[in-house]
2 protein chains.
Amino acid sequence: MNATIPHTTPTPKAARLPEELVASSTFLLKRLGFAAKEQSLAAYEQTGVHPYHHAILIVLDERSHETQGSIADALGYDRGQLVGLLDELEEKGLVQRRRDPNDRRRHLVTLTPEGTKMLRRLRALATEVESDFLSPLTDIERAQLHGLLFRLAEKHEPRCALSVPPPDAPSDAAG
Amino acid sequence: MNATIPHTTPTPKAARLPEELVASSTFLLKRLGFAAKEQSLAAYEQTGVHPYHHAILIVLDERSHETQGSIADALGYDRGQLVGLLDELEEKGLVQRRRDPNDRRRHLVTLTPEGTKMLRRLRALATEVESDFLSPLTDIERAQLHGLLFRLAEKHEPRCALSVPPPDAPSDAAG
DNA sequence: TATTGTTATACTCTATAACTATA
DNA sequence: TATAGTTATAGAGTATAACAATA
């Protein structure tokens, strides 16, 4: 390795990202979103289900007897993708599908008692992952961050908008 | 459609995400990271290059004559992946590879004048995308958001850390 | 033997659309 | 004809590791 003189290496050994990229919030969002996804996946491995499954269970816990289409729409999943996810949840006994007697094309999906139990476990895990991911921030900073992310999500992920502003109210109030 | 009585639809037509998910910052980070990626990809289509290519050009603009390994390390890319990206940049005449005479295993990569020109264009485009993505926020809020994201990135994307804390300083000070 | 760059392979995701059964 | 769910297929993207040249 040409090791007579250690070259004084003024450039740091640990490779750093260009400041220009680090200065970009969208760049950081992409990287952090990826990191959050990876950490979630690693944590969920022990449970045998994917964060996708967790989201489905949450939807069913809010309003059971959803149709597959309404679940897919609520989460932004493709309907074809949802079929496989529900197959897996059903195999594990966490949800149950039955035909809607009023429209036999539809499946009504419900949470089983085992599904409710799993959901409890997944909620605890998700809280843990979130808390760990945000650990560099104080509680106040976490609230600030969430508020800012939510404002962006209202625009870029409209499904996040919690309430549709009433037509006669000034729309600014909803922000 | 069984259209005698319109059902009064108390559930909103627009499918909404469960509040539980929207309340999670890591969930929002994942979705926003994905949205940022999608918007970048759409914007970069007109240029014929990918955001990956842009990042490589930025690295070369900071410090030319990088080896392929150091570029990959700086950006966190796989070295095998980088080969193809550099092939594409070279085909377009934006970068040039030549062997390092001091170590003939290595390739030194440099920006061509065309690459510099393209980089100018890409910088303008990236600024536009960023500005549009953050448009719901005021300048002060944008700065707040970036500060918070950066603090998270220092932990979850160590390549973002701008300066290595001096060994004699208390490590807590580095956040 | 270890490292740089290259190539090949395989695997995961996702997007698309064809297909069925019901309406 | 249109819709809900299902299935199959293809494509992009990514990760892994085998490989040749050089140290």
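A, B, ... follow the sequence lines: proteins, then strands. Residue 1 opens every chain.
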Can you check ring pair (Phe, Tyr, Trp, His ring centres under 6.0 Å) on Tyr44(B) and His50(B), steps first, answer last? CA-CA 6 Å; Tyr44(B) 277 65; His50(B) 190 281; 7.7 Å; no

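The interatomic distance linking Ile71(A) (CD1) with dA4(D) (C1') rounds to 13 Å, in whole Å. Summarising the geometry, the separation between CG on Leu41(B) and P on dT14(C) is reported as 14 Å, rounded to the nearest angstrom. The distance from atom CD of Glu45(B) to atom P of dA12(D) is 13 Å, rounded to the nearest whole Å. In this structure, the NZ atom of Lys37(B) is 10 Å from the C1' atom of dT14(D), given to the nearest Å. Atom P of nucleotide dG5(C) and atom CD1 of Ile56(B) are separated by 13 Å, given to the nearest angstrom. We find that CZ of Arg106(B) is positioned 13 Å from C1' of dA2(C), with the value rounded to whole Å. The NE2 atom of His107(B) sits 13 Å away from the P atom of dA21(D) (whole-angstrom rounding). As rounded to whole Å, 13 Å separates atom P of dG5(C) from atom CG of Asp87(B).
Side-chain contact check for Gln68(B) and Arg97(B): at least one donor-acceptor pair (N or O, by modelled atom type) lies under 3.5 Å.
Put simply, Arg97(A) has a side-chain N or O that comes within less than 4.0 Å of OP1 or OP2 on dT6(D). Proximity of Arg79(A) to the phosphate of dA4(D): a side-chain N or O atom is located under 4.0 Å from OP1 or OP2.
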Letter per nucleotide, 5' to 3', of nucleotides 15-23 of chain C [B base touched, S only sugar-phosphate touched, - untouched; heavy atoms, 4.0 Å]: -B-----BS

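Between the CD atom in Glu19(B) and the CZ atom in Arg16(B) there is a gap of 6.5 Å [rounded to 0.5 Å].
For Leu108(B), the side-chain contact (heavy atoms from CB on, under 4.5 Å) partners are Thr67(B), Arg98(B), Asp100(B), not counting sequence neighbours.
Ion pair Arg120(A)/Asp61(A) not flagged as a salt bridge, since none of the NZ, NE, NH1 or NH2 atoms sits closer than 4.0 Å to an Asp/Glu carboxylate oxygen. Between Glu66(B) and Arg63(B) there is a salt bridge, since at least one side-chain N of the basic residue sits less than 4.0 Å from a carboxylate O of the acidic one.
Note on Tyr52(B): only backbone sugar-phosphate atoms sit closer than 4.0 angstrom, heavy atoms only; bases stay farther off.
Scanning all heavy atoms of the two residues, the minimum distance from Gln46(A) to Leu125(A) falls at NE2-CD1, 4.1 Å.
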